Amino acid sequence: MKKTNVIMAITLFAIAGCGGNRPSTDDVITVDVTASYPKKELILQDFMDVEYIPLETTDEFLCQGLLQDIGKDIIIVRNRVQDGNIFIFDRNGKAIKKINRKGQGSEEYVTIIRIVLDEENGEMFVCDSYTRKMLVYDLDGNFKRSFKHKEDARYETVYSFDRENLICHDNSTRNKGQSFMTVSKQDGSITGDIQIPFEEKKFPWLSARDEASGMNYALAPAGNHPIVPYLDSWILVEPSADTLYRYFPDRTMTPFIAKTPPVRSLDPEVWLFAGVVTDRYYFMESVKKEGDAIRQTGLPTASLVYDKQEKAIFRYDVYNDDYSTKESVYMMSRPVNNEIAAWPLEAHQLVESYEKGKLKGRLKEIAAGLDEDSNPVIMLMKHRK
């Protein structure tokens with residue numbers, strides 16, 4: 001974020017459809033993270049298609065529904081706890097296979113930070129941040145190969161870039177330079193270094209040491225997504241820079257969002273992160289670097305959206321129209337891939353809402369067949385075509 005001595009304008013590019021159209025500079029705005037913007041209320045179904053997938057519940061398939069990836073035919077989820085379980089469901093939520101390769105062996109993972117599906121090649125990539133390895137399995141859980149993260153790097157955000165490559169973000173505190181790269185799916189070799197200009201490396205979290213207990217603590221924003229897949233590109237968020245960039249499959253990069261004032265002029269710093277981005281609305285979140293890492297409190301946020309049609313910035317609330325009451329939707333959730341963002345709906349909450357008569361339509365039908373111990377329902381928020 002200590003990148004430039006001038007206040008940069010923000011160019012938000014017009015994007016037509018879901019194909020490979022290049023941005024144009026017909027909309028130029030400035031996002032001032034210190035400004036007070038008016039409030040806007042939105043209905044999710046007015047600008048995104050919503051699909052609900054109830055995950056089948058059996059004695060073997062009890063899961064917390066943390067969605068990892070979704071393809072044309074299958075869904076991959078895991079638990080929040082590090083028990084090593086990987087659950088594969090079909091596209092309608094029917095249980096197919098449960099895999100667990102957790103262990104200390106060369107073909108096993110210790111932790112799972114991310115799973116990337118390569119449905120075309122019939123593979124899944126399990127990112128183990130503890131061993132700093134990527135382990136590749138087929139969709140039956142058979143080990144195929146593994147490769148190390150880049151030296152001294154720790155990949156925690158990973159997506160499929162194309163048939164041969166992954167796009168990765170290095171989250172290691174040892175890294176004082178560039179954080180984004182593409183790597184070979186076969187051997188992990190670096191196939192592209194992505195250069196984002198900045199002067200001094202910044203990390204988007206608070207850290208502190210409790211001298212009494214000897215424990216180190218960190219507090220990070222929930223909506224801190226270094227890579228946000230968006231249609232035919234990826235939005236790259238480097239907190240050390242004041243500009244968010246859009247990176248394309250042909251390896252070209254253009255400015256997408258820039259903020260003002262520059263980070264070095266603010267004390268405390270204010271970061272700007274990207275959430276769900278549609279052809280009309282760009283959902284963002286500003287976060288002030290202020291709080292107590294030991295007590296795990298602070299990091300005040302402001303939810304912002306740029307409305308391309310109105311050419312204006314607002315604070316916002318987005319509501320789910322399948323509720324009769326105002327039920328907010330978290331628009332800073334991590335997009336699953338270039339077409340879908342998702343959020344798990346807990347069964348016990350849906351059962352409670354159903355019993356209180358708060359649900360409508362398809363969601364009401366699904367909730368009628370749940371009990372409090374059922375697996376979550378995955379809510380998919382999909383770009384309209």
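No hydrogens, no waters, no symmetry mates; every other heavy atom, side chains included, goes into these values. Treat the numbers as computed from the prediction; the structure is a model and nothing was measured. This chain uses plain numbering: 1 for the first residue, then up along the sequence.
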Ignoring hydrogens and geometry, is there a side-chain-to-backbone donor-acceptor pair from [X] to [Y] under 3.5 Å?
{"X": "D69", "Y": "I76", "value": "no"}
{"X": "N171", "Y": "R154", "value": "no"}
{"X": "Y217", "Y": "Q296", "value": "no"}
{"X": "E327", "Y": "Y323", "value": "no"}
{"X": "D210", "Y": "G214", "value": "no"}
{"X": "Y155", "Y": "K150", "value": "yes"}
{"X": "H225", "Y": "M332", "value": "yes"}
{"X": "D170", "Y": "S179", "value": "no"}

Would E120 and K72 count as a salt bridge (Lys or Arg N to Asp or Glu O under 4.0 Å) if you check the C-alpha gap in whole Å, the side-chain angles of each, and the deciding distance to 0.1 Å?
CA-CA 10 Å; E120 186 177 6; K72 294 179 180 179; over 6 Å; no
Are Y159 and W234 an aromatic pair, judged by ring center distance below 6.0 Å?
no
Mind checking whether F256 and Y282 have ring centres under 6.0 Å apart?
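Yes, close enough.
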Under 30°, 30 to 60°, or over 60°: which ring-plane class applies to H169 and F180, parallel, tilted or perpendicular?
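It falls in the tilted class, 30° to 60°.
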May I ask you to decide if the ring planes of F161 and Y247 are parallel, tilted or perpendicular, using 30° and 60° as cut-offs?
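Because their plane-to-plane angle lies in the 30° to 60° range, the rings of F161 and Y247 count as tilted.
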Do F125 and I88 share a hydrophobic cluster, counting only Ile, Leu, Val, Met, Phe, Trp and Tyr and linking them when any side-chain heavy atoms are less than 4.5 Å apart?
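Hydrophobic grouping puts F125 apart from I88.
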Walk me through whether N85 and D83 qualify under side-chain hydrogen bond (donor to acceptor under 3.5 Å, both in side chains).
CA-CA 6 Å; N85 287 328; D83 58 8; 3.2 Å; yes
Could K360 and D321 be called an ion pair, given the rule that one side-chain N must be under 4.0 Å from one carboxylate O?
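Yes, this pair counts.
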Could K326 and E41 be called an ion pair, given the rule that one side-chain N must be under 4.0 Å from one carboxylate O?
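Looking at E41 together with K326, the answer is yes, because their closest N to O distance falls below 4.0 Å.
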Identify which one of F47, Y37, F283 satisfies the ring-ring contact (aromatic ring centres under 6.0 Å, His included) criterion when paired with Y316.
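Answer after filtering F47, Y37, F283: F283.
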Which pairs, with at least one residue in residues 174-183 and sequence neighbours excluded, count as a salt bridge (Lys or Arg N to Asp or Glu O under 4.0 Å)?
D152-R174
Per side-chain hydrogen bond (donor to acceptor under 3.5 Å, both in side chains), T182 is matched among D193, T191, N165 by T191
Decide if atom NZ of K364 counts as having more than 12 heavy atoms of other residues, nucleotides or ligands within a radius under 6.0 Å.
no
